[in-house]
*Asks:* 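This is the structure I have questions about; it appears just below.
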Amino acid sequence: MASHFTTLNNGQTIPAIGLGTWQSKPNEVARAVEHALKAGYRHIDCAWAYGNEKEVGEGLRASGVPREEVFITSKLWGTYHRRVEECLDQTLSNLGTTYLDLYLVHWPIAMNPNGNHPVMPMRPNGNRDIDESRDLIDTWKGMEAMVKKGKVKAIGASNFSQTVLERILPTAEIIPAVNQLEIHLYNPQLELLEYLKSKKIVPQAYSPLGSTNSPLLTDESATEIAKKYGLKSTSDVLLGYLLAKDIIVLPKSVTPSRIESNLTGALEAYSVLTPEDIKILDGVAAGGKQKRFIMPPWGIDLGFDNWPVPTK
């Protein structure tokens with residue numbers, strides 16, 4: 001079974017359901033990727049910072065699916081904002097490919113490349129060690145250069161608020177193709193989605209089912225809708241809801257049965273949900289359930305709603 005597709009602002013098509021690989025252990029992720037591709041997935045979402053791209057590459061090769069049939073995304077990490085190509089080359093080498101379909105700026109924050117840790121340099125107060133002299137505009141120019149070199153087909157943002165996007169858009173030669181965000185039933189980011197639509201930037205949802213032991217999976221509104229249509233699980237509704245809003249979903253799993261059901265269930269729910277169902281689901285967070293699960297201690301204001309006030 002193939003998932004349906006979305007078209008990016010550069011004309012490229014992208015499968016609307018992808019396999020997330022964050023927090024997938026190296027000894028598990030190769031099998032997960034192999035199984036996902038054999039089950040019909042054609043979109044794998046990776047990142048340098050996940051530390052498992054070599055094993056993702058093993059799974060890609062073991063699947064037997066030709067490279068050109070798989071949409072592969074990765075992300076530039078904060079300690080490499082001044083060395084975009086170096087980070088990308090490590091990713092390409094680890095994945096065993098000569099190009100990416102999509103390359104994202106993982107967070108709009110440069111971190112000290114010479115700090116006390118290569119991945120997560122920290123300040124004494126517990127906040128991330130930010131490279132405040134690095135302008136995001138220059139990082140974006142470095143991303144654009146990778147398109148011009150043919151190493152990536154498209155570039156995009158991840159965890160960019162409207163405020164942050166407005167810093168790069170006036171000088172951008174290439175408009176971000178996507179913005180990957182924490183989007184789910186309890187964090188729908190409705191205003192930001194409208195803004196992205198106006199700029200022809202496609203939203204992607206990481207953690208679309210929430211976190212481990214997520215309260216989303218027992219949400220009353222989503223569960224009632226699942227029962228109404230005889231769907232197998234509430235997670236089908238959670239994913240189908242986002243697909244119906246033209247959001248690319250990236251559910252993560254290393255369990256074969258769950259990998260399969262995330263794909264088939266999402267498409268089944270997408271096919272039956274009505275505008276009335278979407279309206280009900282859009283109102284759940286505003287009804288007192290608004291919740292983010294991913295809020296790293298950056299120590300600066302990223303411009304998002306429902307994010308704690310940073311402490312310096």
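Since this is a predicted model, take the numbers as computed values, not measurements.
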*Asks:* Testing the 3.5 Å rule here: is there a donor-acceptor pair between the side chains of Asn179 and Gln204?
*Replies:*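 Side chains of Asn179 and Gln204: no pair found under 3.5 Å.
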*Asks:* Backbone N or O of Arg123 within a donor-acceptor pair of the Asn127 side chain at under 3.5 Å?
*Replies:*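 Not at all, since once roles are kept as given, no pair shorter than 3.5 Å links the two residues.
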*Asks:* Going by heavy atoms in the side chains, are Ile14 and Asp101 under 4.5 Å from each other?
*Replies:*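 No, every pair of side-chain atoms sits at 4.5 Å or beyond.
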*Asks:* Please list, chain by chain and in numerical order, all residues satisfying side-chain hydrogen bond (donor to acceptor under 3.5 Å, both in side chains) with Asp131, sequence neighbours excluded.
*Replies:*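 Asp131 satisfies side-chain hydrogen bond (donor to acceptor under 3.5 Å, both in side chains) with Arg82, Ser133 only.
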*Asks:* For Asp45, enumerate each residue passing the side-chain hydrogen bond (donor to acceptor under 3.5 Å, both in side chains) test, keeping only those at least two apart in sequence or located in another chain.
*Replies:*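 For Asp45, the residues satisfying side-chain hydrogen bond (donor to acceptor under 3.5 Å, both in side chains) (neighbours in sequence not counted) are Lys75, Gln180.
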*Asks:* Are side-chain heavy atoms of Ser271 and Tyr229 found at a separation under 4.5 Å?
*Replies:*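 They are not in contact (no side-chain heavy atoms under 4.5 Å apart), so the answer is no.
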*Asks:* Spell out, yes or no, whether Leu185 and Val249 are grouped together once hydrophobic residues are joined by side-chain heavy atoms under 4.5 Å, including indirect joins.
*Replies:*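 Same hydrophobic cluster.
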*Asks:* If you draw the axis of the six-membered ring of Tyr99, does the NZ or CZ of Arg67 fall within 45° of it and under 6.0 Å from the ring centre?
*Replies:*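 Here Arg67 passes the 6.0 Å and 45° test against Tyr99.
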*Asks:* Do Ile168 and Phe160 come close enough that some side-chain heavy atom pair is under 4.5 Å?
*Replies:*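 Yes, close enough: below the 4.5 Å cut-off.
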*Asks:* Between Thr223 and Thr234 (side chain of the first, backbone of the second, donor and acceptor by atom type, cut-off under 3.5 Å), is there such a pair?
*Replies:*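 No: the side chain of Thr223 does not pair with the backbone of Thr234.
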*Asks:* I want to check something: taking the side chain as every heavy atom from C-beta on, are Ser261 and Lys232 in contact at a cut-off of under 4.5 Å?
*Replies:*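 Not in contact.
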*Asks:* With sequence neighbours excluded, tell me which residues meet side-chain hydrogen bond (donor to acceptor under 3.5 Å, both in side chains) with Lys228.
*Replies:*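 Checked Lys228 against side-chain hydrogen bond (donor to acceptor under 3.5 Å, both in side chains); matches are Asp277.
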*Asks:* When hydrophobic residues are tied together by side-chain contacts of less than 4.5 Å, even through go-betweens, does Met120 share a cluster with Ile300?
*Replies:*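 Same cluster: Met120 reaches Ile300 through Ile, Leu, Val, Met, Phe, Trp or Tyr contacts under 4.5 Å.
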*Asks:* Side-chain contact test, heavy atoms from C-beta onward, threshold under 4.5 Å: evaluate it for Val164 versus Trp107 and give yes or no.
*Replies:*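 No - every pair of side-chain heavy atoms lies 4.5 Å or more apart.
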*Asks:* Decide yes or no for Gln90 and Glu53: does some side-chain heavy atom of the first lie under 4.5 Å from some side-chain heavy atom of the second?
*Replies:*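 No. Closest side-chain heavy atoms not under 4.5 Å.
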*Asks:* Test your reading of the model: is there a side-chain donor-acceptor pair from Asn94 to the backbone of Asn52, 3.5 Å cut-off?
*Replies:*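 Such a contact is absent between Asn94 side chain and Asn52 backbone.
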*Asks:* Determine the minimum heavy-atom distance between Val29 and Val56, stating which atoms define it.
*Replies:*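 Closest approach of Val29 to Val56, heavy atoms only: CG2-CG2, 3.9 Å.
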*Asks:* Do Leu181 and Leu19 sit in the same hydrophobic cluster, where Ile, Leu, Val, Met, Phe, Trp and Tyr count as joined when their side-chain heavy atoms come under 4.5 Å apart?
*Replies:*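 Leu181 clusters together with Leu19.
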*Asks:* With a 3.5 Å distance limit and no angle check, can you tell me whether Arg292 reaches the backbone of Asn306 through a side-chain donor-acceptor pair?
*Replies:*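 Pair found, side chain donor or acceptor close to backbone of Asn306.
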*Asks:* Decide whether Asn159 and Tyr206 meet the rule of one side-chain donor and one side-chain acceptor closer than 3.5 Å.
*Replies:*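 Indeed, the side chains of Asn159 and Tyr206 share at least one donor-acceptor pair under 3.5 Å.
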*Asks:* Sequence neighbours left out, what passes ring-ring contact (aromatic ring centres under 6.0 Å, His included) with Phe71? Give chain and number order.
*Replies:*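 So Phe71 forms a ring-ring contact (aromatic ring centres under 6.0 Å, His included) with His43.
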*Asks:* For Gly265 and Asp236, work out which heavy atoms get closest and say how close.
*Replies:*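 So the two residues come closest at CA-OD1, 3.3 Å.
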*Asks:* If you compare all heavy atoms of Trp77 against all heavy atoms of Val119, which two are closest, and at what distance to 0.1 Å?
*Replies:*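 Result for this residue pair: NE1-O, 2.6 Å.
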*Asks:* Taking all non-hydrogen atoms of both residues into account, name the closest pair between Gly115 and Asp129 and its distance.
*Replies:*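 Minimum heavy-atom separation between Gly115 and Asp129: CA-OD2, 4.2 Å.
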*Asks:* Can you see which heavy atom on Gly40 is nearest to which on Leu263, and at what distance?
*Replies:*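 Looking at all heavy atoms of both residues, the closest pair is C-CD2, 4.0 Å.
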*Asks:* Looking only at non-hydrogen atoms, find the nearest pair between Ala269 and Leu231 and report the distance.
*Replies:*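 Closest approach of Ala269 to Leu231, heavy atoms only: CB-CD1, 3.9 Å.
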*Asks:* Check whether any side-chain heavy atom of Ile17 lies under 4.5 Å from a side-chain heavy atom of Asn262, and answer yes or no.
*Replies:*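 No. Closest side-chain heavy atoms not under 4.5 Å.
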*Asks:* Testing the 3.5 Å rule here: is there a donor-acceptor pair between the side chains of Ser207 and Glu182?
*Replies:*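 Their side chains do not contain a donor-acceptor pair, so the 3.5 Å distance test is not met.
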*Asks:* Between Ser63 (side chain) and Leu60 (backbone), is there a donor-acceptor pair under 3.5 Å?
*Replies:*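 Yes, the answer is positive, given that a donor and an acceptor are paired below the 3.5 Å cut-off.
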*Asks:* For atom CD of Glu68, decide whether the heavy atoms of other residues, nucleotides or ligands shown that lie under 6.0 angstrom number more than 12.
*Replies:*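 Check passes, neighbour count above 12.
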*Asks:* Given the rule in the ring-ring contact (aromatic ring centres under 6.0 Å, His included) test, do Tyr50 and His106 qualify, once you have shown the distances and angles that lead to the verdict?
*Replies:* CA-CA 11 Å; Tyr50 298 168; His106 204 149; 5.7 Å; yes
*Asks:* Using modelled atom types only, decide if a donor and an acceptor are shared between the side chain of Gln189 and the backbone of Ile183 within a distance under 3.5 Å.
*Replies:*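 Side chain of Gln189 to backbone of Ile183, a donor-acceptor pair under 3.5 Å: no, none is there.
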*Asks:* Hydrophobic clusters here meaning ILVMFWY residues chained together by side-chain heavy-atom distances under 4.5 Å, can you tell me if Leu100 and Ile175 are in one?
*Replies:*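 The answer is yes; both residues are in one hydrophobic cluster.
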*Asks:* Is it true that Lys38 and Glu34 have a side-chain N and a carboxylate O under 4.0 angstrom from each other?
*Replies:*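 Result for this pair is yes, salt bridge flagged.
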*Asks:* Consider only side-chain heavy atoms of I, L, V, M, F, W and Y, link residues closer than 4.5 Å, and tell whether Trp307 and Ile130 are in one cluster.
*Replies:*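 Same hydrophobic cluster.
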*Asks:* Report yes if the side chains of Arg258 and Ser235 come closer than 4.5 Å at any heavy-atom pair, otherwise no.
*Replies:*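 Of all side-chain heavy-atom pairs linking Ser235 with Arg258, at least one is under 4.5 Å.
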*Asks:* Should we say atom NZ of Lys245 is surrounded by more than 12 heavy atoms from elsewhere, each under 6.0 Å from it?
*Replies:*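 Yes, the 6.0 Å shell around NZ holds more than 12 heavy atoms from other groups.
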*Asks:* Give the table of side-chain donor-acceptor pairs shorter than 3.5 Å for residues 214-222, with sequence neighbours excluded, one pair per line with atom names and distance.
*Replies:*
from, atom 1, to, atom 2, distance (Å)
Ser214, OG, Leu209, O, 2.8
Ser214, OG, Leu216, N, 3.0
Thr218, OG1, Pro215, O, 3.2
Asp219, OD1, Tyr186, OH, 2.7
Asp219, OD1, Lys289, NZ, 2.9
Asp219, OD2, Ser221, N, 3.0
Asp219, OD2, Ala222, N, 3.0

*Asks:* Looking at Pro15, is its backbone amide N or carbonyl O close enough to the side chain of Arg42 to form a donor-acceptor pair, meaning the two atoms are under 3.5 Å apart?
*Replies:*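 Checking the backbone N and O of Pro15 against the side chain of Arg42, no donor-acceptor pair under 3.5 Å is found.
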*Asks:* For Phe293, what residues pass the ring-ring contact (aromatic ring centres under 6.0 Å, His included) criterion, not counting sequence neighbours?
*Replies:*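 His184.
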